[in-house]
Amino acid sequence: MCDVNKLLRNLPKIDRVLDDLQDTFSESIPLAIIKSAVQQCIEEKRKLILDGKLKTLPQDQEAWYKIFTESILKKNSLNYRRVINGTGVVIHTNLGRSLLGAQSIDALQVAGGCYTNLEFDLTTGKRGSRYSLVEEIICDLTGAEAAIVVNNNAAAVLLALNTLSFNSETIVSRGQLVEIGGSFRIPDVMSRSGARMVEVGATNRTHVHDYVDAITDETTLLLKVHTSNFRVIGFTSEVPVADMVAIGKKHDIPVMEDLGSGSLIDLSPWGLPKEPTVQEIVQEGADVVTFSGDKLLGGPQAGIIVGKKAIIDKIKKNPMNRALRIDKFTLAGLETVLRNYYDLDMAIANVPTLTMLTAAPDTIKKKGQAILRRLGGATKQKNIIELRKTVSKVGGGAMPEHGLASWALVLHPKSGKAATLEKQLRSRDIPIIGRIEDEKMILDLRTIQGPDIPLLVDMLKSFSGKSEN
Ligand SMILES: *Cc1c(COP(=O)(O)O)cnc(C)c1O
């Protein structure tokens, strides 16, 4: 007990510390930041002492000031920062999903820094609708009668269910009650939307008669959910959306499909699995289709709802829409991305998600060879960096089983553990995020961007294989 009191007494006095630190930092860093950082440091130590987890204090004033300085600098730097994605997961939800190309970045600058016609009709000089900025383009590309965009696809599903099936029944197959990361589960979203879920079929098989038998006077929607992030294999069957549309027509009930990833182009010519495109589902006759803006589409975070005009009009009038609406930056990014889809080659060239997904292994290998050339022979001789085949992932819950043949830089930790190396790379000013395989650090070159390369070269030049602790 006595020890604890002594330790507590010996904690630095904030006022004294602040006087000293202010001289060092006050030119460049606000006093409030310095004060809060120092208080946090001392408070942390106090807690550790009281919990019996700290038995000795930093040696001297110098040691304390090192701790304070680190904490002040951290508090004064941006929390939301650029990282280098060496994971090879193209649509990496934790690293920001899809990247936007140069045209989109220009449009974001205009949307943020200038007044715009966000809700102003330049023809009439009257109030306009923000949705009209992208609706026609989405309709052109998907063949749908009408469209609306909201905050994300989770919002799109919630809004559509709430508009079409509030206080009434939605029929859905038991094989499609999916959970997407981040606690999005169909049954939960359904209940929050006010729709009553009627489950039909079994986990592995659902038939036309399952839907037909479940229809009552209360039924207002037949829902299909694309099982993007998992597969049921073996003895399975699902009712195609065209058959659901036939049932819907007969009973005058609309059919909705939540497509999830929602691709506008068929990527199978590049060796990716054939996924249903939005156009195909619209063509099959679905009344409403929802999909993400930042998965396979490669745009900003958004949820896109396309479908029959009468239904989209209803969705537009739902007061909930105002709470889920898309912001001006997203609209700017989305329009520029969508415009590329009028031409397949333009889309592949200008939408980074598509460029990365369709990159040939040889192109990726050349990126690695160029980096090794810039390093010279030294590191190669030490045999600590090599170029090796690897497998990348699509990510974003899309095409979960499909690997993309790729190339990676493999870093061999000569001493210490791969986990220590991983942490060092992650702790850099511009963190480098990779993955560990067989006690080696893998940096998949598919997701390494052009501007990342000089930074990577700098890091690799000083890489000795030895970790510092
Ligand atoms: C990803 C996904 C969602 C959620 O989309 P967000 O844009 O991430 O909100 C909903 N449904 C399915 C089937 C999905 O794959």
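Indexing begins at 1, ligand by ligand and atom by atom, following the structure's order.
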Q: Cation-pi check, Arg127 to Phe120: give yes when NZ or CZ is under 6.0 Å from the six-membered ring centre and within 45° of the ring axis, no otherwise.
A: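 No, a cation-pi geometry is absent between Arg127 and Phe120.
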
Q: Considering the heavy atoms of His226, write down every atom of ligand 1 situated less than 4.0 Å from one of them.
A: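 Contacts of ligand 1 toward His226, numbered from 1: 13 (C).
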
Q: When you compare the side chains of Glu386 and His412, does any donor N or O come within less than 3.5 Å of an acceptor on the partner?
A: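 There is such a pair between these side chains.
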
Q: Yes or no: does Asp258 have any heavy atom under 4.0 Å from an atom of ligand 1?
A: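 For ligand 1, residue contact (heavy atoms, under 4.0 Å) with Asp258 is present.
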
Q: Kindly determine whether Tyr341 and Ile137 satisfy side-chain contact (heavy atoms from CB on, under 4.5 Å), including the steps that lead there.
A: CA-CA 9 Å; Tyr341 279 94; Ile137 303 173; over 6 Å; no

Q: Please check if any side-chain donor atom of Asn167 sits under 3.5 Å from a side-chain acceptor atom of Glu218, or the reverse.
A: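 Per modelled atom types, Asn167 and Glu218 side chains form no pair under 3.5 Å.
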
Q: Below 4.0 angstrom from a heavy atom of Ala154, which ligand 1 atoms are there? Numbered from 1 as shown, please.
A: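 With Ala154 as reference, the close atoms of ligand 1 come out as 4 (C), 5 (O), 6 (P), 9 (O).
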
Q: Using a plain distance cutoff, I'd like to know if Asp294 has any nitrogen or oxygen under 3.5 Å from a nitrogen or oxygen of ligand 1.
A: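 No, no N or O pair falls under 3.5 Å.
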
Q: Can you figure out which of Asn153, Asn152, Thr93, Leu158 has its heavy atom closest to atom 3 (C) of ligand 1?
A: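 Going through Asn153, Asn152, Thr93, Leu158 one by one, Asn153 has the nearest heavy atom to atom 3 (C) of ligand 1.
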
Q: Taking side chain as C-beta onward, heavy atoms only, is Asn153 less than 4.5 Å from Asp258?
A: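 In contact.
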
Q: Need the ligand 1 atom indices (1-based, order shown) with element for anything under 4.0 Å from a heavy-atom of Phe184.
A: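 This gives 10 (C), 11 (N) as the contact atoms.
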
Q: Is the closest heavy-atom distance from Gln301 to ligand 1 below 4.0 Å?
A: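 Contact check Gln301 vs ligand 1: negative.
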
Q: Should Glu179 be listed as contacting ligand 1, given a heavy-atom distance under 4.0 Å as the test?
A: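 Under 4.0 Å: no for Glu179.
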
Q: State the atoms of ligand 1, each with its element, that fall below the 4.0 Å cut-off from a heavy-atom position in Ser292.
A: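 The list of qualifying atoms is 5 (O), 6 (P), 7 (O), 8 (O).
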
Q: Show the nearest heavy-atom pair for residues Ile138 and Ala147, with the distance to one decimal.
A: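 Here Ile138 and Ala147 meet closest at CG2-CB, 3.7 Å.
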
Q: For the residue pair Asp444 / Ser392, report whether a side-chain donor-acceptor contact shorter than 3.5 Å exists.
A: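 The answer is yes; a qualifying pair exists.
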
Q: Just to check, does Ile180 reach to within less than 4.0 Å of ligand 1 when the distance is taken from its heavy atoms?
A: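 Yes; Ile180 lies near enough to ligand 1 that a heavy-atom distance drops under 4.0 Å.
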
Q: Could you check whether Ser36 and Lys75, counting side-chain N and O atoms only, form a donor-acceptor pair closer than 3.5 Å?
A: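 Checked: Lys75/Ser36 side chains pair up, N/O donor to acceptor below 3.5 Å.
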
Q: Quick test of your reading of the structure: of Gln176, Lys295, Arg185, Glu257, whose heavy atom lies closest to atom 15 (O) of ligand 1?
A: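 Checking each option, the heavy atom nearest atom 15 (O) of ligand 1 is found in Lys295.
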
Q: Could you list which atoms of ligand 1 come closer than 4.0 Å to a heavy atom of Arg97?
A: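 Atoms satisfying the 4.0 Å criterion: 6 (P), 7 (O), 8 (O).
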
Q: Apply side-chain contact (heavy atoms from CB on, under 4.5 Å) to residues Arg97 and Gln301 and explain how you reach the verdict.
A: CA-CA 8 Å; Arg97 282 203 183 155; Gln301 179 192 304; 5.7 Å; no

Q: Hey, is ligand 1 close enough to Val225 that some N/O pair sits below 3.5 Å?
A: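 It does not: no N or O of Val225 is found under 3.5 Å from an N or O of ligand 1.
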
